[in-house]
Amino acid sequence: ILPEDRFDIRERLRAIREGNAQPSVFRLLSPSGRQFWVRASSRPNIENGQYTGIQGVLTDITALKVTEESLKASEGHYRGIYANAPMGIFHSAPEGTLIDANSAVAQIFGYDSPNDILESVNREGGTPALYAEPEKRADFIRQVGESGGWKSFEHRFRKKDGSLFVGTLTFRLYENPDGNPELEGFIVDNTENRKAQALIAASEQRYRNVFASASDAMLVTDPDSGAILDANRAALALYQYTREEFSHLKYPDLAAPAPGEGPTPPGDFVPSTYHRKKDGTGFPVEVTESTYPRKNRTICISSVRDITCRK
């Protein structure tokens, strides 16, 4: 028996003689040095009313112990993820009792800790107290039950201090090991996302205003294909194309040879100092280009100025 697993043999023998010894689990060391787990079950041997010895069974439970340790490690890993996840994770009963919540849930709702939100919310009648419109919770649960899976809802929720925020609630309905229905899911505070979306929308509107009102012709193109994605009013007036006609052109289509030069070979594109209008009229240009990331691709914005007056 490994030293750290050893027990008081006299106490063990006394318990066996009295018939109340519980099975014991310990590690043994084989002659080859291999450690393995065993369960020892013992009982007194009584003959003619007399104690004559001990009967015992040793069972090798090494595989079981390895499985138990793996399960404990897995549960610990899950618990670590649950406790430290950046999004709120919760379990609740359909009637409203908040069963469990991680630190992110407490933080989102303005509580000091998971225990704080559990105690406070359940004292106030359960999770409906977290809803700005508690009556909608039942409808959310009904929809989830009908779907048989996960569903997401955007809703206004109430923090500990009474302030409201918009969050996305995603949850499902399932049966716990006891056969009782429970809700498990996630909640995310959309406040920062909405602020970011508002800033992006405002930035895009400013860009649109500058783009539309610029005195120089401005073209938005795909730098890979050369396709013209957009054109401002000044570009429509300069080139005499409609926006629809521009959408069928590529930026190289606007290039024209300088006076005295031959035409550009088909399929080739070199920076040109002359562009042509819809009617074929060529004119000298000064072009400034910049590239910008936009969503999942890069775009090129070209500012084109007619410099005929300089020639």
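Numbers here simply count residues along the sequence, with the first being 1. From a predicted model like this one, the values you see are computed outputs, not experimental measurements.
- Taking the side chain as every heavy atom from C-beta outward, Arg243 and Asp230 approach each other to under 4.5 Å.
- Within 6.0 Å of CD on Glu182 lie more than 12 heavy atoms contributed by other residues, nucleotides or ligands.
- With a 4.5 Å cut-off on side-chain heavy atoms, Tyr251 and His275 count as touching.
- The shortest distance between side-chain heavy atoms of Leu219 and Leu254 falls below 4.5 Å.
- Of the possible polar contacts, one joining the Asn102 side chain to the Met87 backbone as a donor-acceptor pair under 3.5 Å is found.
- Of all the heavy atoms in Pro257 and Tyr274, the pair that sits closest is O-CB, 4.1 Å.
- From Arg123, atom CZ reaches atom CG of Leu98 across 12.5 Å, with rounding to the nearest 0.5 Å.
- Residues passing the ring pair (Phe, Tyr, Trp, His ring centres under 6.0 Å) test with Tyr111: none are found, sequence neighbours excluded.
- Using a 4.5 Å heavy-atom threshold, the side chains of Phe171 and His91 count as separate.
- Tested against Lys160, the residues Leu130, Ile117, Asp112, Val121 include a single side chain to side chain contact (heavy atoms under 4.5 Å, CB included) partner, Asp112.
- Phe109 and Leu164 are assigned to two separate hydrophobic clusters, defined by single-linkage of ILVMFWY side chains at heavy-atom distances under 4.5 Å.
- By the 6.0 Å contact criterion, CZ on Arg276 is enclosed, its count of non-hydrogen atoms from other residues, nucleotides or ligands being greater than 12.
- The backbone N or O of Lys159 sits nowhere less than 3.5 Å from a side-chain atom of Ser163 that would complete a donor-acceptor pair.
- Within 6.0 Å of CZ on Arg27 lie more than 12 heavy atoms contributed by other residues, nucleotides or ligands.
- Looking at Trp37 and Leu64, their side chains never come closer than 4.5 Å, going by heavy atoms from C-beta outward.
- The closest side-chain heavy-atom distance from Arg12 to Ser42 is below 4.5 Å.
- For Tyr51, there are no ring pair (Phe, Tyr, Trp, His ring centres under 6.0 Å) partners at least two apart in sequence or on another chain.
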* To do: Test side-chain contact (heavy atoms from CB on, under 4.5 Å) on Thr273 and Ile307 and set out the steps.
  => CA-CA 10 Å; Thr273 57; Ile307 58 172; over 6 Å; no

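- Within 6.0 Å of CZ in Arg172 there are more than 12 heavy atoms belonging to other residues, nucleotides or ligands.
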* After noting the C-alpha distance and the side-chain angles of Asn115 and Ser113, does the key distance pass the side chain to side chain donor-acceptor pair (under 3.5 Å) rule? -> CA-CA 5 Å; Asn115 284 339; Ser113 66; 5.2 Å; no

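- Enclosure of atom CZ in Arg6 by more than 12 non-hydrogen atoms of other residues, nucleotides or ligands within 6.0 angstrom is indicated.
- How far CG of Asp224 is from SG of Cys300: 10.5 Å, rounded to the nearest 0.5 Å.
- Residues Leu183 and Tyr174 do not share a hydrophobic cluster, clusters being chains of Ile/Leu/Val/Met/Phe/Trp/Tyr side chains in contact below 4.5 Å.
- Listed by chain and number, the residues in a side chain to side chain donor-acceptor pair (under 3.5 Å) with Asn48 amount to none (sequence neighbours excluded).
- Among residues two or more places apart in sequence or in another chain, the ring pair (Phe, Tyr, Trp, His ring centres under 6.0 Å) test is passed with Phe140 by Phe153, His155.
- A donor-acceptor contact shorter than 3.5 Å is absent between the side chain of Asn180 and the backbone of Asn176.
- When hydrophobic clusters are built by joining Ile, Leu, Val, Met, Phe, Trp and Tyr residues whose side-chain heavy atoms come closer than 4.5 Å, directly or via intermediates, Ile141 is grouped together with Val105.
- Using a 4.0 Å cut-off between charged nitrogen and carboxylate oxygen, Asp253 and Lys250 do not count as a salt-bridge pair.
- Other residues, nucleotides and ligands contribute at most 12 non-hydrogen atoms within 6.0 Å of the NZ atom of Lys136.
- Under a 4.0 Å N-O distance rule, the pair Glu18/Arg14 qualifies as a salt bridge.
- One finds the CD atom of Glu175 at 8.5 Å from the CG atom of Leu173 (value rounded to the nearest 0.5 Å).
- No side-chain heavy atom of Leu2 sits less than 4.5 Å from a side-chain heavy atom of Phe26.
- Considering all non-hydrogen atoms of both residues, Asn232 and Ala212 come closest at CB-CA, 4.3 Å.
- Under the rule for a ring pair (Phe, Tyr, Trp, His ring centres under 6.0 Å), Phe90 has no partner lying at least two apart in sequence or in another chain.
- Rounded to the nearest 0.5 Å, atoms CD (Gln55) and OG (Ser41) are 12.5 Å apart.
- Atom OG in Ser152 sits 11.0 Å away from atom CD1 in Ile187 (nearest 0.5 Å).
- In this structure, Asp139 CG and Glu133 CD are separated by 11.5 Å, a value rounded to the nearest 0.5 Å.
- The aromatic ring centres of Tyr131 and Phe157 sit less than 6.0 Å apart.
- The hydrophobic clustering, which links ILVMFWY residues whose side-chain heavy atoms are closer than 4.5 Å, places Leu236 and Phe283 together.
- Under the side chain to side chain donor-acceptor pair (under 3.5 Å) criterion, Thr291 pairs with no residue at all, not counting sequence neighbours.
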* **side chain to side chain donor-acceptor pair (under 3.5 Å) between Asn45 and Thr52, worked out** => CA-CA 6 Å; Asn45 188 35; Thr52 60; 3.0 Å; yes

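- Using a distance-only test at 3.5 Å, with no hydrogens or angles considered, a donor-acceptor pair links the side chain of Ser147 to the main chain of Gly149.
- Hydrophobic clustering keeps Val166 apart from Val188 (ILVMFWY residues linked when any side-chain heavy atoms are closer than 4.5 Å, directly or through intermediates).
- Using modelled atom types, one side-chain atom of Arg137 and one backbone atom of Pro94 make a donor-acceptor pair closer than 3.5 Å.
- With a 6.0 Å radius and a threshold of 12 heavy atoms from other residues, nucleotides or ligands, Arg43 has its CZ atom at or below the threshold.
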